[in-house]
Chemist: 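I'd like to ask some things about the structure below.
The model shown is predicted, which means the values in this text are computed figures rather than measured ones. Lettering of chains follows the sequences in order, A, B, ..., and the numbering in each one begins at 1.
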Protein chains: 2
Amino acid sequence: MTNKTPKTLGKDTLSLVAERFKVLSDPLRLQILQELRQGERSVNEIVEATGAAQANVSRHLQILARARIVDRRKQGLHVFYRVADPTVLDLCAVVCNGLEESLARDLDSVRGNPDTP
Amino acid sequence: MTNKTPKTLGKDTLSLVAERFKVLSDPLRLQILQELRQGERSVNEIVEATGAAQANVSRHLQILARARIVDRRKQGLHVFYRVADPTVLDLCAVVCNGLEESLARDLDSVRGNPDTP
DNA sequence: TGCAAATATAAGGATACGGTAATTCAGCAG
DNA sequence: CTGCTGAATTACCGTATCCTTATATTTGCA
């Protein structure tokens, strides 16, 4: 039932898409997501894993939560976060692969490989 | 040969990924890409299609070009741009579908559908 | 040569963003 | 109730981003 045909989007929709990309456009947020990809984590665990300041981690977690990309679960003193929207991991993977290919091309061209202009 | 196993990325790599997302995090740039999705376009055509100022369009095109997302071809007075990295279109499509589903869920929950909390 | 059109660049101001430090809030132990 | 720990919030600063206006550059043509 999902529409596969590429249609033209209105400016408001494009703004929503842009906003989603913007949430993913921060290295620390990506690092947090990468950590959460391995499973649920408390704020403290994320702080230790990333090496970032607690306030900073908390703020970025709020941003991710408001975007519905992560979910929170409170248990006693700790708050646990987990990935709520797995599609963002796919997005990162796609970008990563593209990056890898691009760098490989650059490397080839540096080496003087004529097949990759 | 491409590694399908999700590995842990370094901070520098995450910065590159974040940078790529940042390029896609602007509505006007997405609008431009959407226009270019239909084929090669001159700057003027893009200006008319988007309704944005010429200087603004030009600046955003530079940003997209520097990110290797679009390519330019000069012909006489005109400069034609085209999508150089089709994967960004996939990214947009993924976000779009996710957005659509999310909104559909919200709509259901507003309607009181108990299956979609 | 000189003008006009298409594109790019520069400078300016408003806004948003990210990081840090300090404060506050919530839950648990004594 | 008091004190302690984990987490969230606030205030502040420096920087980056975006848009607009104005100017520069390039190219085609009279």
Chemist: Could you state the atom-to-atom distance from CD1 of A/Ile46 to P of D/dA8 in whole Å?
Modeler: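 After rounding, the gap between these two atoms is 9 Å.
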
Chemist: Of the options D/dT20, C/dG18, C/dC17, whose atoms approach the side-chain atoms of B/Ala55 most closely?
Modeler: D/dT20

Chemist: Please report the interatomic distance CD(B/Glu45) to OH(B/Tyr81), rounded to the nearest 0.5 Å.
Modeler: 13.5 Å

Chemist: Whole Å only: how far is the CZ atom of A/Arg66 from the C1' atom of C/dA16?
Modeler: 13 Å

Chemist: If the cut-off is 4.0 Å, is B/Tyr81 near the phosphate of C/dA6, judged by side-chain N/O to OP1 or OP2?
Modeler: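 So the side chain of B/Tyr81 is outside the cut-off, no N or O lying under 4.0 Å from OP1 or OP2 of C/dA6.
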
Chemist: Applying side chain to side chain contact (heavy atoms under 4.5 Å, CB included) between B/Asp26 and each of B/Leu30, B/Leu28, B/Val23, report the one that passes.
Modeler: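 Of the listed residues B/Leu30, B/Leu28, B/Val23, the side chain to side chain contact (heavy atoms under 4.5 Å, CB included) partner of B/Asp26 is B/Leu28.
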
Chemist: A/Lys74 or A/Leu28: which one's nearest nucleotide on DNA chain C is closer to the 5' end?
Modeler: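 Closest to the 5' end, via its nearest nucleotide, is A/Leu28.
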
Chemist: Where the side chain of B/Gln62 is concerned, which of C/dA8, D/dC18, C/dG18 is the nearest nucleotide?
Modeler: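 Of the options given, the side chain of B/Gln62 lies nearest C/dA8.
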
Chemist: According to a 4.5 Å side-chain heavy-atom criterion applied to Ile, Leu, Val, Met, Phe, Trp and Tyr, with indirect links allowed, do B/Val94 and A/Val83 form part of one hydrophobic cluster?
Modeler: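 Linked within one cluster.
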
Chemist: Please determine whether side-chain hydrogen bond (donor to acceptor under 3.5 Å, both in side chains) holds for the pair A/Ser42 and A/Asn44, giving the CA-CA distance in whole Å, both sets of side-chain angles, and the decisive distance to 0.1 Å.
Modeler: CA-CA 5 Å; A/Ser42 75; A/Asn44 239 327; 5.8 Å; no

Chemist: May I ask you to verify if any side-chain N or O of B/Arg29 is less than 4.0 angstrom from the OP1 or OP2 atom of D/dC18?
Modeler: yes

Chemist: Return the value, rounded to whole Å, for the distance between atom CG of A/Asp26 and atom P of C/dG19.
Modeler: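 Result: 5 Å.
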
Chemist: Over how many whole Å does the gap from B/Gln31 atom CD to D/dC18 atom C1' extend?
Modeler: 15 Å

Chemist: On DNA chain C, check which nucleotide each of A/Gln54 and A/Leu77 is closest to and give me the residue with the more 5' one.
Modeler: A/Gln54

Chemist: Of the nucleotides D/dA7, C/dA8, C/dC17, which has the atom closest to the A/Lys22 side chain?
Modeler: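 In terms of side-chain proximity for A/Lys22, the closest of D/dA7, C/dA8, C/dC17 is C/dC17.
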
Chemist: Calculate the interatomic distance between A/Asn56 atom CG and C/dG19 atom P; express it in whole Å.
Modeler: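 Going from A/Asn56 (CG) to C/dG19 (P), I get 4 Å.
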
Chemist: Would you mind reading off the distance between A/Arg72 atom CZ and C/dG27 atom P, rounded to a whole angstrom?
Modeler: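 These atoms are roughly 11 Å apart.
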
Chemist: Under 4.0 Å: is that the gap between some side-chain N or O of A/Arg59 and OP1 or OP2 of D/dT9?
Modeler: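 False: A/Arg59 side-chain N/O out of range (4.0 Å or more) of D/dT9 OP1/OP2.
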
Chemist: Testing the basics here: between A/Val17 and B/Cys96, what is the closest heavy-atom pair and its distance to 0.1 Å?
Modeler: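 Result for this residue pair: CG2-SG, 4.1 Å.
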
Chemist: Verify the contact: side-chain N or O of B/His60 to OP1 or OP2 of D/dC18, cut-off strictly under 4.0 Å; return yes or no.
Modeler: no

Chemist: Measure from CD on A/Glu19 to P on C/dA16 and round the result to the nearest Å.
Modeler: 12 Å

Chemist: Whole Å only: how far is the CG atom of B/Leu61 from the P atom of D/dC19?
Modeler: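 To the nearest whole Å, that distance equals 13 Å.
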
